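Take a look at the following structure, please.
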Amino acid sequence: MKTFHIETVGCQMNVLDSELVTASLLREGYQYTSSMKKADILLFNTCSIRQHAEDKIYSALGRLKNVKETYPEKIYGVIGCMAQKEAGTLFRRAPHLDLVVGPGQIARIPELIHKIENGEGPQMELSLERKGRNRHDVESSYDFFDAGREKVARQNPYQAYVRIMFGCDQFCTYCIVPLVRGPEQSRNTDEILAEVRQLVDQGCREITLIGQTVSKFYDTTTGTPLSGLLEKVEAIAETTPLERIRFVTSHPNSMMPDLLAAVRDLPHVMPYFHIPAQSGSNAVLQRMRRGYTVEKYREVLAAIRETVPNAAITSDFIVGFCGETEEDFQETVRLVEESRFKNSYIFKFSPREGTRAFEQLEDDVPEPVKRRRNNELLAVQNRISEEDSRAFLGREVEILVEGTSKTQASELVLIGEEKMSEKVQLTGRTPCDRIVVFDGPMEWVGTLQKIRITQTSPFTLFGERRT
Ligand code: SAH
Ligand code: SF4
Ligand code: F3S
């Protein structure tokens with residue numbers, strides 16, 4: 001039996017795509033192996049968001065050249081966003097590659113692998129075509145792919161992503177996503193709900209609805225916005241073991257009152273928002289074409305805190321974007337200081353070929369300055385995260401237990417009954433998405449537990465269950 005392995009980098013979209021590809025290959029009779037070396041078929045599910053992510057893939061491919069000479073029957077593939085962006089360049093720089101498949105065609109991977117096995121040579125599929133703006137008019141295999149969910153293909157059997165939107169239409173000037181994932185398109189509500197029910201039947205306790213601008217979700221066939229979709233998923237949670245509903249990533253321009261009210265009123269929807277600000281300077285936001293001012297962003301935060309006072313908010317920032325002055329950067333520092341994000345993901349600007357920033361703006365902030373700004377902003381955020389974490393000391397929080405720090409779905413299935421009650425170090429998350437580490441038996445995995453916090457660090461809380 002042939003084995004396969006998928007190396008995954010990038011965002012939740014890629015994690016989900018790798019799960020779907022794993023499921024489709026298992027259905028075709030291929031066997032999963034955790035060993036990159038031993039796999040007969042090795043796929044890299046890639047990300048193009050920053051140069052560094054691409055460089056790492058090219059060097060990994062470089063290291064495989066000799067292996068391929070010794071074992072020519074091995075199949076190597078690059079799938080996902082970098083496949084879309086680099087296309088034929090991949091074959092040129094890594095002639096030992098067999099397969100290049102963009103995010104719109106991943107459903108075809110088993111078929112393309114069969115072609116390679118039949119001696120038809122290297123295969124490349126990159127179409128992002130979707131006919132029309134709604135899934136009803138659509139024929140592309142990608143669009144019908146998400147329904148084929150398999151528990152064994154997931155990293156954790158109790159948690160799953162559900163894609164509710166494809167692509168992105170925002171075209172922020174720095175960002176490659178609209179070019180590699182295609183136009184924004186919301187899925188049909190009934191199909192999303194069918195997928196959620198399927199996942200709950202498979203034992204899922206937490207569902208995270210994902211989209212690049214998830215708060216903009218709008219199903220035109222039924223006139224359903226994200227708040228309406230959340231109500232419908234909540235209705236599923238009321239009658240099933242589904243415990244938690246989350247959604248990422250929100251856009252500041254679509255945080256409407258109905259969405260905030262839904263998070264406040266629906267008990268299974270967790271009080272957590274990821275709303276990237278990217279910068280605290282209006283001049284920079286304008287060059288990024290984010291479509292809002294920092295004043296507007298502050299209003300959004302104020303509205304959330306008024307409607308959902310216990311909500312945790314996280315953000316993304318890019319430092320060293322084209323033309324960012326020290327004063328611009330200090331405005332970002334001020335925004336982080338006053339916003340009290342649970343966490344901020346901070347990135348140094350990386351110019352991406354094909355984007356407007358690459359074509360029209362100058363990457364004029366020197367690397368050492370980008371690095372310093374990155375570290376400075378990180379230090380501010382860490383201090384805030386640490387203070388906010390410390391406020392949890394002595395508090396009791398409800399945790400959805402996810403497993404040991406390394407548990408995989410396949411391992412959970414293999415653990416014998418007597419081992420299930422041995423105490424191990426478990427991890428899980430609070431409703432507001434804080435990671436908690438505590439001791440308990442494996443039997444707790446997939447259940448809700450009340451844990452009292454006894455120790456804290458900026459990004460992890462430690463606790464115990466009162467007996
Ligand atoms: N759809 C989400 C984010 C997608 S990419 C949103 O709109 O916020 C995740 C993060 O990567 C972005 O929020 C941004 O902070 C960062 N990013 C995107 N392009 C980048 C680039 N060219 N250089 C550095 N960071 C980038
Ligand atoms: Fe990229 Fe902007 Fe779309 Fe987010 S909203 S994926 S940053 S273009
Ligand atoms: Fe990367 Fe593609 Fe996601 S570029 S961030 S994997 S959509």
Side-chain angles (χ1 to χ4, degrees), residues 1-10 13-47 53-83 86 90-91 93-103 105-125 145 148-157 160 402-416 419 442:
M1 202 188 278
K2 275 202 177 180
T3 58
F4 71 96
H5 178 87
I6 309 180
E7 280 287 299
T8 307
V9 292
M13 289 287 165
N14 269 13
V15 173
L16 173 57
D17 286 342
S18 286
E19 178 198 321
L20 296 170
V21 174
T22 299
S24 69
L25 289 174
L26 291 173
R27 281 196 292 271
E28 292 288 311
Y30 297 99
Q31 199 173 17
Y32 177 76
T33 168
S34 56
S35 161
M36 226 173 116
K37 264 198 179 152
K38 288 194 192 135
D40 300 310
I41 301 165
L42 174 57
L43 304 177
F44 294 92
N45 194 2
T46 56
C47 174
E54 292 194 352
D55 293 344
K56 274 169 65 179
I57 298 297
Y58 273 122
S59 44
L61 291 174
R63 287 193 296 273
L64 290 173
K65 195 161 181 275
N66 291 339
V67 191
K68 180 81 172 189
E69 275 162 18
T70 321
Y71 304 99
E73 68 287 355
K74 281 195 190 257
I75 294 177
Y76 293 144
V78 171
I79 66 173
C81 296
M82 188 179 162
E86 296 290 278
L90 276 160
F91 284 124
R93 288 184 60 179
H96 50 296
L97 259 183
D98 303 283
L99 184 67
V100 172
V101 184
Q105 298 296 321
I106 51 167
R108 297 191 52 204
I109 287 172
E111 168 205 334
L112 296 168
I113 288 178
H114 288 317
K115 283 191 177 179
I116 297 164
E117 288 169 339
N118 292 337
E120 292 181 39
Q123 301 289 321
M124 177 158 81
E125 285 296 339
F145 195 44
R149 308 298 296 262
E150 307 273 349
K151 185 173 175 171
V152 288
R154 265 192 292 289
Q155 295 260 313
N156 185 318
E402 295 175 8
T404 66
S405 45
K406 300 178 284 285
T407 349
Q408 297 278 305
S410 48
E411 282 174 46
L412 280 177
V413 178
L414 292 177
I415 293 168
K419 280 242 172 128
M442 286 299 284

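Model, not experiment: these values are computed from the prediction. Quick note: residue numbers are just sequence positions, from 1. Quick note: numbers below take in every heavy atom, side chains included, and nothing from hydrogens, waters or symmetry partners.
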Of all residues at least two apart in sequence or in a different chain, which pass the salt bridge (charged side-chain N to carboxylate O under 4.0 Å, His left out) check with E150?
->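 Salt bridge (charged side-chain N to carboxylate O under 4.0 Å, His left out) list for E150, sorted by chain: R27.
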CD1 on I79 to OG on S18, rounded to 0.5 Å =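 Answer for the OG-CD1 pair, S18 versus I79, is 5.5 Å.
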Distance from E54 atom CD to L90 atom CG, nearest 0.5 Å?
->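 Interatomic distance, E54 CD to L90 CG, rounded to 0.5 Å: 8.5 Å.
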Is there a donor-acceptor contact under 3.5 Å from the side chain of Q105 to the main chain of P103?
->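 Not a single qualifying donor-acceptor pair exists.
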Please check if the side chain of S24 supplies one atom and the backbone of V21 the other of a donor-acceptor pair under 3.5 Å.
->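 Judged by distance alone, yes, a pair lies under 3.5 Å.
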Side chains of Y71 and D40 in contact at under 4.5 Å (non-hydrogen atoms) |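 Y71 vs D40: side chains apart.
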Does the side chain of F44 reach to within under 4.5 Å of the side chain of M36, using non-hydrogen atoms?
->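 Answer yes - side chains close enough.
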Gap between atom CD of E125 and atom CZ of R108 - 0.5 Å precision |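 The distance works out to 4.0 Å.
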Is the number of heavy atoms from other residues, nucleotides or ligands under 6.0 Å of K74 NZ greater than 12?
->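 Yes, enclosed.
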Is there side-chain contact between I6 and Y32, with at least one heavy-atom pair below 4.5 Å?
->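 In short, these two side chains do not touch, never coming nearer than 4.5 Å.
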T3 versus A39, closest heavy-atom pair with distance |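 Scanning both residues completely, I find the closest heavy atoms to be OG1-CA, 3.4 Å.
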Contact summary for A153 and T22, nearest pair of heavy atoms |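 Closest pair (atom of A153, atom of T22, distance): CB-CG2, 3.8 Å.
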K2: what forms a salt bridge (charged side-chain N to carboxylate O under 4.0 Å, His left out) with it, not counting sequence neighbours?
->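 Applying salt bridge (charged side-chain N to carboxylate O under 4.0 Å, His left out) to K2 gives E117.
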For T46, does its backbone N or O pair with a side-chain atom of N14 as donor and acceptor, under 3.5 Å?
->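 Yes.
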Are side-chain heavy atoms of H5 and K38 found at a separation under 4.5 Å?
->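 Heavy-atom side-chain distance check fails, nothing below 4.5 Å.
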Determine the minimum heavy-atom distance between R149 and A160, stating which atoms define it.
->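 Here R149 and A160 meet closest at NH2-CB, 3.8 Å.
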Distance from L20 atom CG to R154 atom CZ, nearest 0.5 Å?
->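 Interatomic distance, L20 CG to R154 CZ, rounded to 0.5 Å: 9.5 Å.
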Min side-chain heavy-atom separation L43-L25 under 4.5 Å |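 Yes, at least one pair of side-chain atoms sits under 4.5 Å.
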State the SG-CE distance between C47 and M13, to the nearest 0.5 angstrom.
->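 C47 SG to M13 CE: 12.5 Å, rounded to 0.5 Å.
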Is a donor on one side and an acceptor on the other found under 3.5 Å between the side chain of H96 and the backbone of N66?
->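 Flag not set: sc H96 to bb N66 has no pair under 3.5 Å.
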Give me the one residue out of L99, I106, V100 that meets side chain to side chain contact (heavy atoms under 4.5 Å, CB included) with L112.
->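 The side chain to side chain contact (heavy atoms under 4.5 Å, CB included) with L112 is passed solely by L99 among L99, I106, V100.
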Do you know which two heavy atoms are closest between Y58 and E86, and how far apart they sit?
->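 Closest approach of Y58 to E86: OH-OE1, 2.7 Å.
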Answer yes or no: is there a side-chain heavy-atom contact under 4.5 Å between E28 and I109?
->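 Contact flag for E28/I109 side chains = no.
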I113 and Y30, any side-chain heavy atoms less than 4.5 Å apart |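 Result yes, sub-4.5 Å side-chain heavy-atom pair found.
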Side-chain donor or acceptor of D17 paired with backbone N/O of G80 under 3.5 Å =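 Side chain of D17 to backbone of G80, a donor-acceptor pair under 3.5 Å: no, none is there.
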